Amino acid sequence: MEAFTCFLSFILPILLSPTLTISTNYEGNALHALRSRLSDPNHVLQSWDATLVNSCTWFHVTCDSNNHVIRLDLGNSNISGSLGPELGQLKHLQYLELYHNNIGGKLPKELGKLKSLVSMDLYGNRFQGKIPKSFANLKSLRFLRLNDNKLSGSIPRELTTLSNLKVFDVSNNDLCGTIPVDGPFGSFSMESFENNRLNGPELKGLVPYDFGC
């Protein structure tokens, strides 16, 4: 029995080590996939080396004490390209700062998987398409700034359930319909919605919320 116990103590770490490596690398894999989608003329992503096990050593990436990625700071970096579904793997991410770049394409619905997210700053880019309804899953979100893009469609009513939301800005897009009035939206200024095709605050029971789309 003692010999069997010694065998287990020897073999278990070997058997488990691949699993541990995978669990610490999935965030790095997600970030490297993001890099492959981006054009980086100023080489701000030069340190994002896929051969390094720990992505916490990369510039513009902040990790917590458990080596989980909690911040991505790439604002004003002159990067272009698009975002992909792999960002949804950064489940510990709290701050996604990609403002003032030239990133386009659609906002991935997988961003709605970032349950720890506190701030999403994507303003000043070229994002197109609709605001994903999946953003309503971001219950910790306090700051959502999507202004100065090319977003279209109506503002998802599901976002009114984000009780912690303090700042919401979608100005200077191509949004249509009406402005939500429930939940935190009752406290947002009209400047947060200006320069769209919005028809003013929602009139419940009188016109559909997506009136004019």
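Numbering starts at 1 and runs along the sequence shown. Source: prediction; values computed, not measured.
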Answer yes if [X] and [Y] sit in the same cluster of Ile, Leu, Val, Met, Phe, Trp and Tyr residues linked by side chain heavy atoms under 4.5 Å apart, and no otherwise.
X      : Y      : result
Val167 : Leu162 : no
Ile79  : Tyr123 : no
Phe188 : Leu141 : yes
Leu175 : Met190 : yes
Leu83  : Val44  : yes

Spell out, as yes or no, whether a donor-acceptor pair under 3.5 Å connects the side chain of [X] to the backbone of [Y].
X      : Y      : answer
Trp48  : Ser55  : no
Asn173 : Asn149 : yes
Lys139 : Ala136 : yes
Asp40  : Leu45  : yes
Asp169 : Ser171 : yes

Of all heavy-atom pairs between [X] and [Y], which one has the smallest distance, and what is that distance?
X      : Y      : value
Ile131 : Val170 : CD1-CG1, 4.1 Å
Trp58  : Gly28  : CH2-O, 3.7 Å
Phe135 : Leu146 : CE2-CD1, 4.5 Å
Cys213 : Gly177 : SG-N, 3.3 Å

(message) Run the side chain to side chain donor-acceptor pair (under 3.5 Å) test against Arg157 and tell me which residues pass, sequence neighbours left out.
(response) Thr178, Glu202

(request) Provide the full list of side-chain hydrogen bond (donor to acceptor under 3.5 Å, both in side chains) pairs with a residue in residues 98-110, sequence neighbours left out, each pair given once. (result) none

Less than 4.5 Å apart, side chain to side chain, heavy atoms only: is that true for [X] and [Y]?
X      : Y      : value
Ile155 : Phe185 : yes
Thr62  : Val69  : no
Phe193 : Phe168 : yes

Find the distance between [atom1] ([X]) and [atom2] ([Y]) and round it off to the nearest 0.5 Å.
X      : Y      : atom1 : atom2 : answer
Asn42  : Asn78  : CG    : CG    : 4.5 Å
Leu34  : Leu74  : CG    : CG    : 7.5 Å
Leu96  : Ile70  : CG    : CD1   : 13.5 Å
Cys56  : Leu31  : SG    : CG    : 9.5 Å
Ser189 : Glu194 : OG    : CD    : 8.0 Å
Asn196 : Leu151 : CG    : CG    : 8.5 Å

Would you please name every residue forming a side chain to side chain contact (heavy atoms under 4.5 Å, CB included) with [X], sequence neighbours left out?
X      : answer
Ser65  : none
Ser140 : none
Lys133 : Pro156, Glu158
Arg197 : Asp174, Cys176

Tell me the salt bridge (charged side-chain N to carboxylate O under 4.0 Å, His left out) pairs involving [range], sequence neighbours left out?
range            : answer
residues 140-153 : Asp121-Arg145
residues 54-83   : Arg71-Asp73
residues 87-103  : none

(request) Fit a plane to each ring of His68 and His92, take the angle between them on a 0 to 90° scale, and name the class: parallel (under 30°), tilted (30 to 60°) or perpendicular (over 60°). (result) parallel

(request) For atom CD of Gln46, decide whether the heavy atoms of other residues, nucleotides or ligands shown that lie under 6.0 angstrom number more than 12. (result) no

(message) Going by the rule ring-ring contact (aromatic ring centres under 6.0 Å, His included), which residues pair with His32 if we only count those two or more places apart in sequence or in a different chain?
(response) none

(message) Going by ring-ring contact (aromatic ring centres under 6.0 Å, His included), name the residues that satisfy it together with Phe127, two or more places apart in sequence or in a different chain.
(response) none

(request) Output every pair passing disulfide bond (SG atoms under 2.5 Å apart) with a member in residues 68-159, not counting sequence neighbours, ordered by first then second residue. (result) none

